[in-house]
Amino acid sequence: MNFSFTDEQRLLRESVEKLVAAEYPFEVRRGLAASEAGFSRELWRKFAELGWLGLGIPEDAGGVGGGPVETAIVMEGLGTGLAVEPYLATVVMGAELLKRSGAARSDRLARLAAGELQVAFAFAERQSRYELANVETRAEPEGGGYRLTGAKSVVFNAPAADVIAVSARTAGGPRDRGGLTVFALDASAHGLEVREYRTMDGLRAGEIELDWVRAGPDDVLGRPGEGLDVVEGAVNSGVVGACAEAAGIMARMHRDTIEYLKHREQFGTALATFQALQHRLVDMYMACELSRSMAYMAAVRLGSPETTEAELRRAVAAAKVQIGRAGRFVGENAIQLHGGMGMTDEMPISHYFKRLILIDRQFGDADHHLREMAGTSP
Amino acid sequence: MDLVLTPEERAFQEEVRTFLRERLPPDVRERTWTGARMDKEDQVRWEKILHERGWMAPSWPVEHGGTGWTPLERYLFEEEMEAAFAPPPMPFGVNMVGPVIIAFGTEEHKRRFLPRILSSDDWWCQGYSEPGAGSDLAALKTRAVRDGDHYVVNGQKTWTTAAQHADWIFCLVRTSQEARRQEGISFLLIDMHSPGITVRPIRTMDGGEEINDTFFEDVRVPVENLIGEEGKGWTYAKFLLGHERTGIAGVARSKAQIRRIREVARSETSHGRPLAEDPRFRERLAEIEVELMALEYTILRIVSAMNAGTAPGPEASILKIKGTEIQQALTDMLMQAVGYYAHPEYPPPEPGANVAPVGPEHAAGLAARYFNWRKSSIYGGSNEIQRNIIAKMVLGL
Ligand SMILES: Cc1cc2nc3c(=O)[nH]c(=O)nc-3n(C[C@H](O)[C@H](O)[C@H](O)COP(=O)(O)OP(=O)(O)OC[C@H]3O[C@@H](n4cnc5c(N)ncnc54)[C@H](O)[C@@H]3O)c2cc1C
């Protein structure tokens, strides 16, 4: 057992921190979030040059190796800067999905690692809430391929995506665990419509309509009918990435709050001198540390071949519960302790808060994962 | 002890219900129900209906247009208003400056200002907080210097809610430097249309613009706009803080929110069933309901004591803390109920634009409301400051 970073991981962490410090002052983030594209293509190229986009992709497929711990390091660092670049969608989840490609595998992964391919994963639907097997979108066999019809909800990075992975039912009833198939669709496919919008936390997403969209047998990710494995694999990666991002956000919010209370004076003294507030800052600090431990625990479990399916399920669910609850505690208190300033759009803290709170909504909230832990999901 | 309403009290309740059923405009109700932002015109339209019925300011003395209701009747009225999704009158005139004018203003002040508050012809805003004076209000620096029969006001107020809509602002200003900071503060009424006033909107994290910076540059204010004595403003401000505190708990509004959550949960699904049937969801809601009940019966204890003639004391701080905690928990549950549809940013719909919202209609604006409602534990004396008040005034620490 050794739950500390290797030298290489430490170097990676430093390089992410350096880039965020140098290139991601909050005003840059604000500008990017408001821009047409919603993120910086230029920074994305830089991520590619630094090798971050190839993390988690084997070297023989154009990547640089590494796994969930490495992508978690990047996510945590990007969280610190509240980056809007779609690393979670394209690298953390996208690479995981495209690894299951057939003939196109190395081409797709190489393009992804080179920064030339953006990915979105459309797995949620109106009625599904957080239940991954709950899929009504249908893929019907036609010729040697399929035709997809249905609608997908809140698909992050859909506006920029070149490839949109879609879960669809090739057999079974709407909640069956079997009978799902995941397809990698070309974003420009005929019949695929994306209604684009901004999210509360400054990202881009879309609602997707599929109207008799054609897919070939080569477009299937993994095996037909066994798509739930593919979905769960990508979502587990997504959860771990989001937990690491949240850990970065929380640490940053905590640090900013300490700074604010050291400088804000009321009653003739810095607010940081009030013991009631000091204790609050301590509780926030503990929540941050515990969350960070859970994020990396889940990353290690996810990357380790020794982890059983049951262990992984527990690790991922537990991390998401911890992050959801601690995120709310740290976030709400950071706003509270900033007083009126915390409510303003002008202060970065409110933007960090929005992302942190919405991370709890992504891939299932704390209540959902608590039930996964307890084995009481209906 | 007895928790049953008397026949008279029940008749009163029925009278209020009937009025609300008949007179509350459906579009106003709809906006309150969905939490959509209200235009000033909508608010004024509704306030004028209340005024016509004589119910704009129930707690004021009858001779100034109040109702003469008992504290319990006033409580029942507030309950029915919230339950019917009728927006309460803007607080700044009716609940804040009005009672101060009644208690400390001149006859001229009363004649000039009170009727226009009741008729909603004047809108007021509150100019207390400054960049350097939030929780520590006595640190305020805005100066009013006497110049003949005027004060000349210079300084900055901040977080001023509704300043962009207001005709008047009631301000705490410094009229002299004294050893005790609470002295030398005066309570001044300032016409918002005066030259030298600039209002700059402050955007909040939910995208709204309900608060502002308000700047005063050589603003000339007639001395007759001073309330009471020069230098005694702090006393009047404190009087205001102790006034009419039972409403801040928002119990009836929270009950109405619970109804809304149930309705949303009936249209959402979880594991193939309506979310409203989900045991975990129901238990969470029930937990909040228990807290709300405990708060409600605490208020009823206070209201009963008031009926018997005891003024509400600093224990009203309990109502502010617990009331806002419950309200915030409910905005959180409402957001949680819509799952992924907390994410989309819903710009306020342009009037006339017929764009279907992203996702289910009931989800629009729920996350924004959660983010916006974080304010409730910050303003009106933050919940930390309320705890300090209880520690000092109630527990004697
Ligand atoms: C949406 C909104 C609307 C508002 N509308 C108005 C308005 O119309 N008119 C108006 O005059 N003002 C208004 N306010 C201002 C509001 O009253 C102040 O924000 C509030 O008094 C807190 O002051 P502050 O923001 O300067 O925070 P600070 O006083 O700087 O406090 C920051 C944090 O420190 C805590 N703190 C401060 N002192 C202590 C202590 N002694 N012990 C423990 N904790 C402490 C606070 O509770 C808070 O969490 C509004 C504020 C908001 C957010």
Side-chain angles (χ1 to χ4, degrees), chain A residues 124-131 134 153-154 156 174-175 195 197-203 205-207 264-268 271 274 276-277 280 328 332 335-347 349-351 353-354 357-358 360-362 364-368 370-371 376-378, chain B residues 129 131-139 158-159 181 202-209 211 268-273 275 277-281 284 328 332 335-336 338-347 356 358-360 367-368 370-372 374-375 377-379 382-385 387-388 391:
Chain A
E125 298 183 357
R126 253 307 160 98
Q127 81 294 339
S128 72
R129 204 173 175 75
Y130 303 127
E131 191 187 13
N134 190 325
S153 295
V154 194
F156 285 92
R175 296 182 60 214
R195 180 174 171 193
Y197 51 85
R198 287 161 203 253
T199 59
M200 288 296 295
D201 48 0
L203 304 180
E207 300 292 287
R264 170 76 174 163
E265 292 192 3
Q266 290 283 273
F267 306 102
L271 288 177
F274 292 117
L277 301 184
R280 198 87 58 87
R328 202 180 138 196
E332 291 183 346
I335 297 303
Q336 179 71 20
L337 298 190
H338 275 75
M341 289 307 289
M343 288 299 301
T344 63
D345 177 77
E346 188 188 332
M347 289 287 281
I349 198 89
S350 68
H351 297 262
F353 178 53
K354 287 191 276 187
I357 289 298
L358 288 175
D360 188 34
R361 260 74 244 171
Q362 219 171 335
D365 57 24
D367 272 1
H368 171 84
L370 194 69
R371 290 210 289 208
T376 51
S377 290
Chain B
S129 307
S135 299
D136 182 17
L137 191 54
T158 190
W159 315 125
R181 299 179 312 158
I202 300 173
R203 179 179 285 264
T204 46
M205 68 168 111
D206 54 301
E209 286 186 348
I211 49 179
E268 287 285 329
T269 51
S270 170
H271 297 279
R273 309 279 315 152
L275 179 63
E277 293 173 15
D278 181 303
R280 174 134 192 101
F281 186 83
R284 278 179 67 102
Q328 291 179 334
D332 188 30
M335 166 172 72
Q336 195 185 339
V338 297
Y340 272 102
Y341 284 100
H343 288 274
E345 180 182 85
Y346 298 91
V358 171
Y370 164 82
F371 290 121
N372 177 276
R374 301 313 307 169
K375 70 187 178 188
S377 49
I378 295 171
Y379 65 30
S382 75
N383 286 11
E384 286 77 17
I385 293 301
R387 285 183 169 86
N388 288 348

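Chain letters run A, B, ... following the sequence lines, proteins first, then strands; residues in each count from 1. As a basis for the values below, the full set of heavy atoms in this structure was taken, side chains included, without hydrogen atoms, waters or symmetry mates.
For B:P131, the part lying under 4.5 angstrom from a heavy atom of chain A is the backbone only. Heavy atoms closer than 4.5 Å to chain B are found in the side chain of A:D365, but not in its backbone. Proximity to chain B is limited to the side chain of A:L337, based on heavy atoms less than 4.5 angstrom apart. Both the backbone and the side chain of A:F267 come within less than 4.5 Å of a heavy atom of chain B. When heavy atoms are compared at a cutoff of 4.5 Å, A:L271 does not approach chain B at all. No part of A:M347 comes within reach of chain B, as not one of its non-hydrogen atoms sits under 4.5 angstrom from that chain. Using a 4.5 Å cut-off between heavy atoms, A:A124 touches chain B through its side chain atoms alone. Interface remark: A:R195 contributes side-chain atoms only to the contact with chain B (heavy atom separation under 4.5 Å). In this structure, the portion of B:E268 lying under 4.5 Å from any heavy atom of chain A is its side chain and not its backbone. B:N388 does not touch chain A: none of its heavy atoms, backbone or side chain, sits under 4.5 Å away.
For the residue pair A:Q336 / B:E384, a side-chain donor-acceptor distance below 3.5 Å is found, with atom types taken as modelled.
When the side-chain hydrogen bond (donor to acceptor under 3.5 Å, both in side chains) test is applied to A:D360, no partner is found at least two apart in sequence or on another chain. Applying the salt bridge (Lys or Arg N to Asp or Glu O under 4.0 Å) criterion to A:R361, with sequence neighbours excluded, gives no partner residue.
The cationic group of A:R126 does not satisfy the cation-pi geometry with B:Y340, failing either the under 6.0 Å distance to the six-membered ring centre or the 45° limit from the ring axis.
Comparing A:L358, A:T344, A:D201 by how many heavy-atom pairs each has under 4.5 Å with chain B, the most go to A:L358. The candidate from A:H338, A:H368, A:Q362, A:E346 with the greatest count of non-hydrogen atom pairs under 4.5 Å with chain B is A:Q362.
Close placement of the A:F156 and B:H343 rings is indicated, their centers lying within 6.0 Å of each other. The aromatic ring centroids of B:F371 and A:F353 lie less than 6.0 Å from each other.
A salt bridge links B:D332 to A:R328: one of the charged nitrogens lies within less than 4.0 Å of a carboxylate oxygen.
Nearest approach of A:R264 to B:A133, heavy atoms of both residues: NH2-N, 4.5 Å. In this structure, A:E131 and B:H271 approach most closely via the heavy-atom pair OE1-CA, 3.3 Å.
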